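Notes to accompany the following structure.
In this text, all values refer to a predicted model and were calculated from it rather than measured experimentally. Each chain gets a letter, A, B and so on, in the order the sequences are listed, and its residues count up from 1.
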Amino acid sequence: MALGFTLAVFGGALAVVLGGIGSAIGVGLAGQASSGVMSEDPGKFGSLLLLVALPGTQGIYGFLSAFLVMLKLGLVGEALKSVSVYQGWQILIACFPVAFAGLVSGIHQGKVCASGVYMVAKQPKDLMKPVIMAALVETYAVLGLLITILLLSGIQL
Amino acid sequence: MSIAQVQKVQVVAHSGVKMEVLSALQEEGLVQVERTDFEELGLNSSSVDVYQLEHNLYRLSHALDYLSRWEETGFVKKLFIQKTQMKREKRKEALGFDYLSVLNEVEKLEAKKNELLSELKFLKKETEFLDPFEGLELPLGLLKTTETTEVLIGSLLVSRYENLQRISDEEGLWHEVISRDKRKFHLLLVYHKQERERIEQMLRELHFAPFYFKEPVQITEPLLSKTEEQDRVRDVIRKIDEEMQIKRKMLEDLEKEEKRLFEHREQLMRVHDVLLNEKERIFCSSLLGETERAVYLEGWVCSSDVKELKSKLQPYSEVTELYFRDPLPEEDPPVILENPKPGKPFELITRLYGLPQRGSFDPTLPLAPFFFLFVGLCVSEAGYGLLVALLSFLFIKFAKPRGGLLQFLKLLTLLGISTVILGTLVGGWFGFPVRPLMVLDSLQDPLSFLYLALALGFIQVWFGTLLSMVSSLKNKRYLQALFVQGGWLLLLPSLVLFLAKKGSVWGILSLAGAAGIVLFASPSRNPFARFFGGLYSLYDISRYLADVLSYSRLLALGLATTVIAMVVNNLCQTALGIPWVGWLFAALIFVGGHLFNLGISFLGGFVHSMRLQFVEFFSKFFKAGGSPFKPFELKSKFVEFI
């Protein structure tokens, strides 16, 4: 039983860690690009912030999934639930979609945002266009989150 | 969902009233002036010279920029600042102000100030240089070569000092330490003239940095002018300080002067904008075709403005002639969107994607209700909605923004309202669900929410197909409209019902729809190619499926907001457990956490709802590529023309 619980916790942690890594790299890429642009034109801070913040959602999705896992295990508030080894594996695997989709899409969204930053440097009026481009990448993180949520809500403890 | 009718206007006028007519057009801002096709009409263009105007405009904006540091600061004040208003007819009067002399004053003052600042910087450097030698008691006049000795002051790195001492012991060199700091000794050296070359060579090897007051001149001009024979270093420093005091005083006086000039700022702003429009007008005149006595202007005007335009040009009716006609098929008139008031804010989304092509229609009204709903579902947190709606409403009320910003804030107000409604129904208020009012708890029952999201997606995709049928009908492609788009319209819902209920009626209807698509989707005349091409286009069903599934993001984003709001409240609960200051932490976490969540969920909701319009909805029926209507009008940078 303890092994099941551990596996489930591992799943939650994996969601946060991988989503966080993806977002950290993504935000980092966009942030570097925007610092370069701001060195020329400090007035663009506001609009660039939007693009830099965009790849940050994967980390939030991972965090959110981990919180759902904690709710499921009773780590928040109520008494701890007992988890069989199979259930532990199920919860761990349920965390995979958000974790891996978040890791990869976060990095790639960061690249799209970084090039979007360069675009805004030249065409300040077209801010929303790169934002939409970045949202196209984010779709897959959203879908990963969706499946993780549905899987988690489907697993009976 | 409409695009306003646009007409071509052609004006022929006597050359004498050219500028007056242009001025009237500019004041009204009803006409987009086009460049005359000079070659085809065999007309000349007048060359224009706006160099002087541009130069003055540059000087004005530079001066305004320079004076702007006396502006009132503070974020809130800047947020609510409003442009000065100015009557259109008073434009000429603004030029009565003697702005050139003010400009001269500002420029002179700026130059003087810059000079003072650089002098001050210089003097400061010099005192820094001299400071280490302040303890030297000898008058500078004595630091001179005598018949038998050389005198030198200078600095040496601490690590080299021992070497210097050794030279002192062995050679004819005497030294005294004036002061020392962390890195350097500052020294006075006296040595025999006979051994000068040898000693100086050794000093060079130690990287001794000599400091000359007199020759060989390394010393700077202003410093030299303040040194006299009997002065000690400390006297020189004192003199420099006095000098700096005087300069600082002068600087203060200049700033006072600047403040006085700042009072002219508003007038300068008026002059700037008046001249800016003058330049625009002159530039516009180069677009006109000219003969010896007449000018020819052509442009676009909104059909509903034709009457007004006529009445505005009435005073010149003796010497002008106006012609109006509908756009020719090969022309590409600019696009003006025309929507009822509540739909107006949603034009922002259409504009972002691109204006409709000629022959297409305005997708603003069809997308508005969906966008309204989707953002509400994505955020699904009534508290945040209330906050956003209230803040943007208050901002509209008090800061009175205009143009695009006003429309954006109106859009935010509407989306806030949508969020309040949907948040109450499926989410909560700041993370606390109000159960009696809820129709669906997304956390307990995510599947129902998913079905809702997919159903909404299905409706929008189906509606998009319907619109594409309408546009096919408009373009007289009846077979395509009736059998292919009609086939999809029939096939999609009946297939869903067939899969859900297994009723054979639905099965037959789906087959009928599919048959229409298979038989009419391909334009080929060869029956085999036609059949297989049609069969292949049936494969589009996978695209429809993918489009509908894409709407599942509504659930994911809605849940994300709800869960993060819950997490924030949970953390508050934990923080309340801390003795004494728990409530403070809890309050901070509550405010900060919910503001953060508000920010990311509105950003996500806005962007993803927009994507659903652009990728899933527009792809069915909408073709962008129209050019925006850019009327020749009064432009304003600093003042607002009323």
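Chain B forms more heavy-atom pairs under 4.5 Å with one residue of L150(A), V131(A), L136(A), T57(A) than with any other, namely L136(A). Contact count versus chain A (heavy atoms, under 4.5 Å) is highest, among Q444(B), M566(B), H608(B), for H608(B). Per-residue counts of heavy-atom pairs under 4.5 Å with chain B were compared for L50(A), V142(A), L64(A); the largest is that of L64(A). For the set Y61(A), F67(A), F63(A), the entry with the most heavy-atom pairs within less than 4.5 Å of chain B is F67(A). The candidate from I60(A), L143(A), T148(A) with the greatest count of non-hydrogen atom pairs under 4.5 Å with chain B is I60(A).
In this structure, chain A has a heavy atom under 4.5 Å from the side chain of F614(B), while its backbone stays farther away. Interface residue F596(B): only side-chain heavy atoms are found under 4.5 Å from chain A. Looking at L68(A), only its side chain comes within 4.5 Å of chain B, counting heavy atoms on both sides. Using a 4.5 Å cut-off between heavy atoms, S153(A) contacts chain B through its side chain alone, with no backbone atom that close. Interface residue L352(B): backbone and side-chain heavy atoms are both found under 4.5 Å from chain A.
Under a cut-off of 6.0 angstrom, the local environment of NZ in K623(B) is sparse, with at most 12 non-hydrogen atoms contributed by other residues, nucleotides or ligands. Sparse packing is recorded around CZ of F10(A), with 12 or fewer heavy atoms of other residues, nucleotides or ligands lying under 6.0 Å away.
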Q: List the steps, then state whether side-chain contact (heavy atoms from CB on, under 4.5 Å) holds for L603(B) with L54(A).
A: CA-CA 9 Å; L603(B) 176 63; L54(A) 220 49; 3.7 Å; yes
Q. What's the verdict on side-chain contact (heavy atoms from CB on, under 4.5 Å) for T139(A) and R611(B), showing C-alpha distance, side-chain angles and the deciding distance?
A. CA-CA 10 Å; T139(A) 302; R611(B) 174 226 140 98; 3.0 Å; yes
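For the atom pair CG of L450(B) and CD1 of I149(A), the computed distance is 10.5 Å after rounding to the nearest 0.5 Å.
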